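First up is the structure itself, then whatever we jot down about it.
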Amino acid sequence: MLQQNNETDDALIDRLQRSAFDYFMLHTNPENGLVADTSIKTSHCSIAAVGFALSSYPVAVERGWISRADAALRVLTALNFFAESQQGEERGATGHRGFYYHFLYMATGNRAWNSELSTIDTGLFLIGVLTAAAYFKGPSRDEKDIRKQAQFLYERCDWHWALNKGQTISMGWKPSSGFLRWRYQGYDEAIFLYVLALASPTHPVPSSSYEAFASTYTWMMFKDRPYLYAGPLFIHLFSHAWIDFRDIRDRHVADKETDYFRNTQTAIAVQRDYTDRNPGHFVGYAKDIWGLSACDGPNPTGTKHSRRYSPKVLGYAARGAPLGPDDGTIAPWGPLSCLPFDRQAALDGTKALLAAYPNLLLDGRFPGGFNPSVKGPGPEGWVDDRSVAIDQGLLVMMIENERTGLIWDLMRQSPILRRGLERAGFTGGWLDEKQAAPAIA
């Protein structure tokens with residue numbers, strides 16, 4: 001659907017934000033609060049999707065899309081399920097040591113496929129839990145129970161175990177083979193994960209773990225600015241959905257006289273510069289057609305789809321700029337997710353996408369990705385046949401952060417986030433302000 005005639009920018013934003021939230025109304029199991037990873041009917045639950053849903057309910061209440069009582073009941077249903085679900089090394093378990101398997105069966109909540117016990121996805125779930133607890137601080141029984149269960153779930157998580165005797169947090173664990181060999185280090189989406197782990201009153205990691213994580217950062221220059229490099233756009237957005245990084249700094253960014261918020265602004269400029277130059281000569285790329293991130297793409301083939309050469313398409317991949325990988329696939333939710341960082345670039349990109357590709361939206365929502373360089377029925381070329389929960393949740397949250405600052409305001413009041421940030425060495429900005437009364441400590 002195009003931007004409707006005479007539709008204001010605010011009306012467009014409101015329409016897309018509401019459609020993004022409706023994903024959770026359509027694809028959540030009301031019996032247990034589990035959220036489908038994608039809009040495909042056979043999709044399993046992604047625990048990260050639950051975290052984004054929990055974070056989106058406060059926005060929906062404030063926008064009048066759902067009643068506070070209904071939202072609280074939905075949140076509590078999810079929290080009760082995870083609090084009571086089986087923890088252990090057994091095959092049918094939901095999690096182990098306070099972490100959860102990446103994918104769960106929607107009906108039962110048991111581990112799906114051979115998925116890993118995922119630290120980052122558990123973190124996304126838990127920060128959603130804390131967001132809900134920060135918002136639902138009223139006297140009703142449901143809201144009191146939300147705060148009680150949130151504290152239990154957060155404090156049960158054994159972050160120290162997830163270090164696996166190393167300095168940085170392991171990406172995951174499987175009961176059959178143990179810890180995965182990869183760890184979260186270098187600049188990636190895991191800043192929030194370390195903040196949660198550092199702040200734990202029960203199983204914390206030491207401050208040296210954050211230093212080990214950040215010590216492998218890679219810096220580049222973009223024009224005259226130092227730029228903390230990560231190719232995929234989502235890396236520059238995920239932690240920011242909850243944490244207001246404006247004017248707070250750790251020593252790693254302070255040494256470069258920048259902060260993480262400004263670094264994301266630079267990442268946006270890098271993406272737009274890259275698609276404007278279009279070194280791969282892909283169809284559709286332009287200054288206002290951008291958004292290279294982790295997303296689904298056309299199934300890998302050797303089919304020629306670039307104007308000048310024949311790279312293989314990548315299927316699912318963490319695409320990025322300016323160093324790739326890149327196969328012409330765009331994550332169309334990317335520009336609008338950048339609204340708090342560069343409103344004009346976000347709006348220009350969103351409107352350009354909708355104008356050039358009028359059949360892009362699926363039931364009013366952005367698909368996971370599309371590739372106009374691959375032949376399809378229309379100018380959109382290949383279009384993902386699904387919307388993705390975490391993309392929709394990110395849109396709900398980032399749009400609201402730009403409009404009212406709701407999620408950032410809630411999490412600035414969280415003693416857990418404050419404690420974790422301070423233990424990571426962050427200072428300045430709102431961290432220097434007096435803290436309000438906590439929802440949970």
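A quick note: this is a predicted structure, and the numbers were derived from the prediction, not measured.
To the nearest 0.5 Å, the span separating CG on Asp391 from OG on Ser293 amounts to 8.0 Å. A distance of 10.0 Å separates CE in Met398 from CG in Leu339, rounded to the nearest 0.5 Å. Between atom CG of residue Leu410 and atom CZ of residue Phe136 there is a gap of 10.0 Å, rounded to the nearest 0.5 Å. The structure places SG of Cys338 at 4.0 Å from CD1 of Ile268, a figure rounded to the nearest 0.5 Å. From Thr275, atom OG1 reaches atom CD1 of Ile289 across 8.5 Å, with rounding to the nearest 0.5 Å. The line from OG of Ser209 to CZ of Arg423 is 12.5 Å long, rounded to the nearest 0.5 Å.
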- Task: Please assess Asp9 against Lys351 for the test salt bridge (charged side-chain N to carboxylate O under 4.0 Å, His left out), listing each intermediate value before the final yes or no.
- Result: CA-CA 9 Å; Asp9 289 345; Lys351 289 189 285 188; 3.0 Å; yes
- Message: Between Phe366 and Val388, does the side chain to side chain contact (heavy atoms under 4.5 Å, CB included) criterion hold? Intermediate values first, please.
- Response: CA-CA 9 Å; Phe366 286 111; Val388 180; over 6 Å; no
- Item | Worked check of side chain to side chain donor-acceptor pair (under 3.5 Å) between Tyr274 and Asp326 | CA-CA 11 Å; Tyr274 175 83; Asp326 183 16; 2.7 Å; yes
- Query: Does the side chain to side chain contact (heavy atoms under 4.5 Å, CB included) test come out yes or no for Ile127 and Leu196, once each step is laid out?
  - Reply: CA-CA 8 Å; Ile127 201 166; Leu196 293 181; 4.1 Å; yes
- Worked verdict on Asn164 versus Arg183 for side chain to side chain contact (heavy atoms under 4.5 Å, CB included): CA-CA 10 Å; Asn164 187 29; Arg183 294 174 176 269; 3.7 Å; yes
- Message: Let's go through Arg262 and Asp342 carefully: what are the C-alpha distance in whole Å and the side-chain angles of both, what is the deciding distance for salt bridge (charged side-chain N to carboxylate O under 4.0 Å, His left out) to 0.1 Å, and is it a yes or a no?
- Response: CA-CA 10 Å; Arg262 283 188 281 168; Asp342 190 332; over 6 Å; no
- Task: Please report the C-alpha distance between Cys157 and Tyr100 in whole Å, then the side-chain angles of each, then the deciding distance to 0.1 Å, and finally whether the side chain to side chain contact (heavy atoms under 4.5 Å, CB included) criterion is met.
- Result: CA-CA 10 Å; Cys157 194; Tyr100 303 97; over 6 Å; no
- Item | Step-by-step ring-ring contact (aromatic ring centres under 6.0 Å, His included) determination, Tyr229 to Trp219 | CA-CA 6 Å; Tyr229 175 72; Trp219 290 88; over 10 Å; no
- Message: Applying side chain to side chain donor-acceptor pair (under 3.5 Å) to Tyr210 and Asp250, what does each step give before you reach the verdict?
- Response: CA-CA 10 Å; Tyr210 182 80; Asp250 62 18; 2.5 Å; yes
- Assess whether ring-ring contact (aromatic ring centres under 6.0 Å, His included) is satisfied between Phe238 and Phe192, documenting all intermediate values. CA-CA 8 Å; Phe238 268 31; Phe192 84 91; 7.9 Å; no
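A distance-only check finds a donor-acceptor pair linking the side chain of Arg272 to the backbone of Lys287 [under 3.5 Å]. Of the possible donor and acceptor atoms, none in the side chain of Ser115 sits under 3.5 Å from a partner among the backbone N and O of Tyr101. With hydrogens and angles ignored, the 3.5 Å screen pairs a side-chain donor or acceptor of Arg419 with a backbone N or O of Ala199. At least one donor-acceptor pair closer than 3.5 Å links the side chain of Trp333 to the backbone N or O of Gly368. Between the Lys174 side chain and the Asn114 main chain, a donor and an acceptor come within less than 3.5 Å of each other. Remark: side-chain polar atoms of Tyr154 are paired, donor with acceptor, to backbone N or O of Ser200 under 3.5 angstrom. Looking only at distances, a side-chain donor or acceptor of Gln17 sits under 3.5 Å from a matching main-chain atom of Val396. Listed for the Trp430 side chain is a donor-acceptor partner under 3.5 Å among the backbone atoms of Asp244.
Inspection of the Gln413 and Arg418 side chains reveals no N or O donor paired with an N or O acceptor under 3.5 Å. For the residue pair Tyr285 / Asp276, no side-chain donor-acceptor distance below 3.5 Å is found, with atom types taken as modelled. A donor atom on one side chain and an acceptor atom on the other are found under 3.5 Å apart for Thr329 and Asp327. No hydrogens or angles considered: a donor-acceptor pair under 3.5 Å links the side chains of Asn80 and Gln149. Between the side chains of Glu400 and Thr404, at least one donor-acceptor pair of N or O atoms lies under 3.5 Å. Donor-acceptor pairing under 3.5 Å is recorded for the side chains of Thr264 and His240.
The closest side-chain heavy-atom distance from Arg319 to Leu233 is not below 4.5 Å. Side-chain contact check for Pro232 versus Leu292: every heavy-atom pair is 4.5 Å or farther apart. With contacts defined as side-chain heavy-atom distances shorter than 4.5 Å, the pair His236/Tyr260 does not qualify. In this structure, the side chains of Asp188 and Phe213 come closer than 4.5 Å at one or more pairs of heavy atoms. Between Val50 and Cys45, some side-chain heavy-atom pair lies under the 4.5 Å cut-off. Using a 4.5 Å cut-off on side-chain heavy atoms (C-beta onward), Met411 and Leu417 make contact. For the pair Ser170 and Leu163, the minimum side-chain heavy-atom distance is 4.5 Å or more. Inter-residue side-chain proximity for Trp408 and Trp242 is flagged as unmet; no heavy-atom pair is nearer than 4.5 Å.
Of all heavy-atom pairs spanning Leu54 and Ala78, the tightest one is CD2-CB, 4.3 Å. Nearest heavy atom pair, residue Thr77 against residue Pro30, reads CG2-O, 3.6 Å. The minimum heavy-atom distance linking Ala230 with Ile235 is given by the pair CB-CG2, 3.5 Å. Met106 and Ser43 make their closest contact through CG-O, 3.5 Å (heavy atoms, listed as atom of the first residue, atom of the second, distance). Looking at every heavy atom in both residues, Thr266 comes nearest to Arg225 through OG1-NH1, 3.7 Å. Counting all heavy atoms, side chain and backbone alike, Ser337 lies closest to Pro340 at O-CD, 3.7 Å.
Ion pair Arg18/Asp22 flagged as a salt bridge, since at least one NZ, NE, NH1 or NH2 atom sits closer than 4.0 Å to an Asp/Glu carboxylate oxygen. Using a 4.0 Å cut-off between charged nitrogen and carboxylate oxygen, Asp37 and Arg386 do not count as a salt-bridge pair.
Phe245 and Phe426 have tilted rings, their planes meeting at an angle from 30° to 60° on a 0 to 90° scale. Using the six-membered ring where Trp is involved, Trp161 and Phe99 have ring planes that are tilted, between 30° and 60° apart.
Aromatic rings of Phe82 and Phe125 (six-membered ring for Trp) have centroids within the 6.0 Å cut-off, being under it.
Around the CG atom of Asp70, the shell of radius 6.0 Å holds more than 12 heavy atoms that belong to other residues, nucleotides or ligands. Remark: Glu62 CD is packed, more than 12 non-hydrogen atoms of other residues, nucleotides or ligands lying under 6.0 Å away.
Checking Asp384, Leu360, Asp296, Asn359 one by one against Phe370, the side-chain contact (heavy atoms from CB on, under 4.5 Å) holds for a single residue, Leu360.
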